Every structure is written in C-alpha cells, then in structure tokens.
S.K.: 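Structure incoming, see below.
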Amino acid sequence: MNEETLEQQLYDEEAETFRNQLATVTDDGKRKWVYPKKPKGRFHRARIIVSALLLIILVGTPFIKVNGHPLVLFDFLNRKFILFGTLFGPHDFHLLVIGMISLVVFIILFTAVFGRIFCGWACPQTIFLEMVFRKIEYWIEGDAKDQRKLKAAPWTGNKFFKKLTKQIIFFAIAFFISNIFLSYIIGIDELLKIITDPPSEHLQGLTAITIFSGIFYFVFSNFREQACTIVCPYGRLQGVLLDRDSIVIAYDNVRGEPRKRFKKDEGWENRGDCIECYQCVEVCPTGIDIRNGIQLECVNCTACIDACDDIMDKIKRPRGLIRYASLNSIEKSERSGSNRKSKWRITPREIGYSILLTLLVSVFIILMLNRTDFSVTVLRTAGLLYQEQPNNMVSNLYDLNLVNKTFNEIPVSLKLENIDGELKIVGKEIVMEPQGNIDAKFLVLLKKNELTKMSTPIDIGIYNGDKLIKKVSTSFLAPMKKKDE
Ligand code: SF4
Ligand code: SF4
C-alpha cells in the first residue's frame, strides 16, 4: 500500500468514527441531553403551517361521521376497521394484505426518492415533539442557553415553579393525545361515554387512557429523540432504503470544504463556504453534525438548513450550503461557489418500484370495485345426495353461509329463481346481524317427473324484502330416470 492510499484510509477511518456512537450517548453510556437552539427561518415557518394543518386533521377526524358512522376507525379488539365510512372486517383480510404490501412498496419508493421527508414534515412524533412540547419548553424555560443555565442552577422557588408548570402542561397534553388516540380505536361516542359516565362503569377504558397518557408523557418529556434513533423501525431501515440519488438534507461538502473560521478581512480563495460556526449543530434536535454526512439520527427537520442559510445571508454567501439534495448531485457538481440546484434523476430502482406499486394498486382497486356488501356461500350438505319425498317430490338439503358487511340488521328470504319448486328454511327466519356472519340450512323440493337429468342447475335469490341482494347458483341432485318412466 503506498503512502497516499494509507493516508487516505486513515483519514476515512477517522472521518467515520462518529458512526461508532450515538450523538446522544456519552462515552460511558449515559444519556446526553440535547438542548437544541430555537429554530427559525423559512422552512421552519412552512413546517409550522403544515404541522398545524395535520394536527387539526388528526384531532378533528374522529369527530367526522359518514351516515352516522366514524370516518375512520381501527377497532383492533373487535377486528373492525372503517375507512371513509366503509366497514372492513375479517372477511376483507385479502384486501388488508394487498393494501399493506402496497403501503410498504409505496414507503420504499417514497423514501428512495425523497428520503426521510415524512419524518420531518408529517410524523406525529416529530410534530408533537418539535411543534408542541418543545415550543412550550422554550416558552417556559427559554432558549437552549437558558435551559442549560436553569438545569445547572440550584433548586430555587423560580426553578421549581418553572419545572413543575412545564411537567403539568406536558402531562395535560399527553392526556389529551391519549384520548384522541383512543377515539381512533373505540370511536368518539364510546370515548365521550367514558368521559361522562361514572368512572366505575368504564374501568377498562380509563385504564387504557391512563396507560396511554403515561406512555405519551414519558416519550415527549423524557425519551424524545431516542424514539426516532433507537425505537423507530423506519429510521433504522434508512441504510437500505436510501441510495446516493435519494433527496436528503445534505451538507454540500464540495462547496463547504475546506471549512475554516470566518475572518472579515480574509477573502474566499482556497477555502470552503463553511465558516465553522456550528449553528447547524446547535439547532439539531438529535444532536448530530450534518456535515459528517447522512446519519441514522437525522429526522430531516430542516432546522440546520434554516440555521445555515441565516449564516450565509450574514456573510453574504449564497444560501443552500445545507439543503435538500442527493449525494450524487453534490458529488458530481462542479465547484463554482454559487448555489447549485439538485436535479431529480429517475433511477432504475425507482422505475422498478413504480411498476410494482402500479400493479399492486391496480389489483387493490379491482378488488375494491368488486367488493360487495354481502357474501353468500351455498353448498349441498356434505354426505347427502337426495331424499325422496311424498307426492312424487325430491328434496336436497343445503348449507347457507351469509356475511353481512354493512352496519344494518337485515332479515332475508330465499327464492328459487329459475325453476318451479319449493324452498323451505330449516328452523327460524334468517336475520343477518350488522357486520355478522350467519349459518343456516334450507331444503329445495322439486317435482321428480320434471327432472330430466341427475344434476339440475338451480339459481337461488337472496332477498331483503323485495330487493334482490345476491343470486347464487348451485345444483340439484335427483335419481336417474329409468328408461320406461
Ligand atoms: S451552519 Fe453552515 S457555515 Fe455554520 S458550521 Fe454549519 S454548515 Fe458550516
Ligand atoms: S441534521 Fe439537520 S435536518 Fe437532520 S435532524 Fe439535525 S437539524 Fe434536523
């Protein structure tokens, strides 16, 4: 190995050592609390607007009803799901599977193209932490510097008051979030009952609210960015989902290096645009230095873009030293000293994912269009052929299974559609419960001398009053006619 290669290797190893350790963990394994500086700038303003809209949608959705039923409901306990007013149950398992696979492929494609844009702009964890809890913390304890000072200060009345007020407000918001969360599972009507009825009538519901409140309070007051860096599977999958053409929040090292402290009387020759001010590091809520390259901890919150743009404005250099860009676009760009726009390149991987996603979505749409409110199965009872009956009649016994996917109770009657004969339901009248599944038996009686074949096709209509809700075909077995009959 020549000297130059060895030197490069040593440099590369040194540059990558930051990946050996989480930015929020000390050398001896203790938690390093992050005090990010208050973010400000055009991206932050845009994120406030997007976050406010998403929060309104999140809180408002459980109150929206379609025909008296929730717009969205994820009742895992009863395996009942409502999406845009349509009920899905265990009988729609195939739709769930195709839908989930489509969602996974969509996430892979979206991440391959746009990186972790979801984390920064739409993830509830980031929105609640950065736009609600952190804002309250800034309001009560001040900016990062003041928060550090308060932490180091002795316990005075003022410190106790600030800390206690903050924690009470945090718990109140966590309690509110847990109520909203529960309303997506049990519906807003059930939640209102839990709130208004005597507590003894809803011990289960109250226990769930208490547990959720505790979890949310812990996550937002203490666990914070570790939910993204340690727990979130999406974050941990970035290494395989991203490639060098994905658009991420990136530091333009071609333009920024070699970094050097800024001195007013010095020119810009033989140096990069990064002035080592550390503002991008100070604002980072996950405590990383984006100049080290893409990192698992980066939640694409855009705070470092705003911070660096602000510095660039001050030193009269073009904005965008940190920006949305792909690594390839940065590496391939010529060093020009000006802000370079990244071009979106469609890669073969993205084309492949797009084709797969189109196929999956097409199948899903076809299945949805062919989905009916009822499913009916009619089978001749196993082990029985036919029964000879008085008055020259022959009967067959059938098993009927009816699935009602609607919210309504539906009494049904059965009729023979294509042949004269009798149809008798065994037992009581059939009534389909809302979202229910019912089994019944019925007999079909036909005149023996009118049957010319051993197996005769018959159609059975299932009616609600006069309304035909489904027609099914089956066969009727009869004894073979003797030649002289
Ligand atoms: S904010 Fe910009 S100039 Fe300052 S250290 Fe970060 S990248 Fe360099
Ligand atoms: S590196 Fe920048 S975008 Fe990523 S989390 Fe830190 S401040 Fe946000």
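Each ligand, and each atom within it, is numbered from 1 in the order the structure gives. Small disclaimer: the values here were computed from a predicted structure and weren't measured. Index from 1, following the sequence.
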S.K.: One thing to verify: whether Arg271 and Glu257 come together as a salt bridge, which I'm taking to mean a side-chain N less than 4.0 angstrom from a carboxylate O.
M.R.: no
S.K.: Which of the numbered atoms in ligand 2 are under 4.0 angstrom from any heavy atom belonging to Thr286?
M.R.: 5 (S)
S.K.: Looking only at protein heavy atoms, identify the closest one to atom 2 (Fe) of ligand 2 and say how far it is in Å.
M.R.: Cys304 SG, 2.3 Å
S.K.: Out of Cys277, Cys274, Cys284, Gly272, whose heavy atom sits nearest atom 1 (S) of ligand 1?
M.R.: Cys277
S.K.: For ligand 2, which atoms sit closer than 4.0 Å to a heavy atom of Asn300?
M.R.: 3 (S), 4 (Fe)
S.K.: With a cut-off of 4.0 Å, which atoms of ligand 2 are near a heavy atom of Ile290?
M.R.: 1 (S)
S.K.: Just jot down the ligand 1 atoms closer than 4.0 angstrom to any heavy atom of Ile275, in number order.
M.R.: 3 (S), 8 (Fe)
S.K.: Inspect the contact between Glu137 and Lys162 and indicate whether a charged nitrogen and a carboxylate oxygen are less than 4.0 angstrom apart.
M.R.: no
S.K.: Distance from Cys274 atom SG to Arg261 atom CZ, nearest 0.5 Å?
M.R.: 9.5 Å
S.K.: Atom 6 (Fe) of ligand 2 and Cys298: any N/O/S contact shorter than 2.8 Å?
M.R.: no
S.K.: For atom 6 (Fe) of ligand 1, what's the nearest protein heavy atom and its distance?
M.R.: Cys280 SG, 2.3 Å
S.K.: Assess, by modelled atom type and distance only, whether the side chains of Tyr324 and Thr302 contain a donor and an acceptor separated by less than 3.5 Å.
M.R.: no
S.K.: Indicate yes or no: does Asp252 engage Arg323 in a salt bridge with an N to O separation below 4.0 Å.
M.R.: yes
S.K.: At a non-hydrogen distance cut-off of under 4.0 Å, which region of Thr302 contacts ligand 2 (side chain, backbone, both, or neither)?
M.R.: backbone
S.K.: Counting non-hydrogen protein atoms only, what is the nearest one to atom 5 (S) of ligand 2? Give residue, atom name and distance.
M.R.: Val299 N, 3.4 Å
S.K.: Salt-bridged, Asp273 to Arg317, with N to O below 4.0 Å?
M.R.: yes
S.K.: Backbone, side chain, both or neither: what part of Arg291 comes under 4.0 angstrom of ligand 1, heavy atoms only?
M.R.: side chain
S.K.: Could you verify whether a donor N or O on one side chain and an acceptor N or O on the other, from Asn292 and Asp289, lie under 3.5 Å apart?
M.R.: no
S.K.: Taking a cutoff of less than 4.0 Å between a non-hydrogen atom of the residue and any ligand atom, is Ile288 in contact with ligand 2?
M.R.: yes
S.K.: May I ask you to check whether Ser326 and Asn328 show a side-chain donor-acceptor distance below 3.5 Å?
M.R.: no
S.K.: With a 3.5 Å cut-off and no angle check, do the side chains of Tyr35 and Glu141 form a donor-acceptor pair?
M.R.: no
S.K.: Considering heavy atoms of the protein only, find what lies nearest to atom 3 (S) of ligand 2 and give residue, atom and distance to 0.1 Å.
M.R.: Cys301 N, 3.3 Å
S.K.: Can a non-hydrogen atom of Met312 be found less than 4.0 Å from any atom of ligand 1?
M.R.: yes
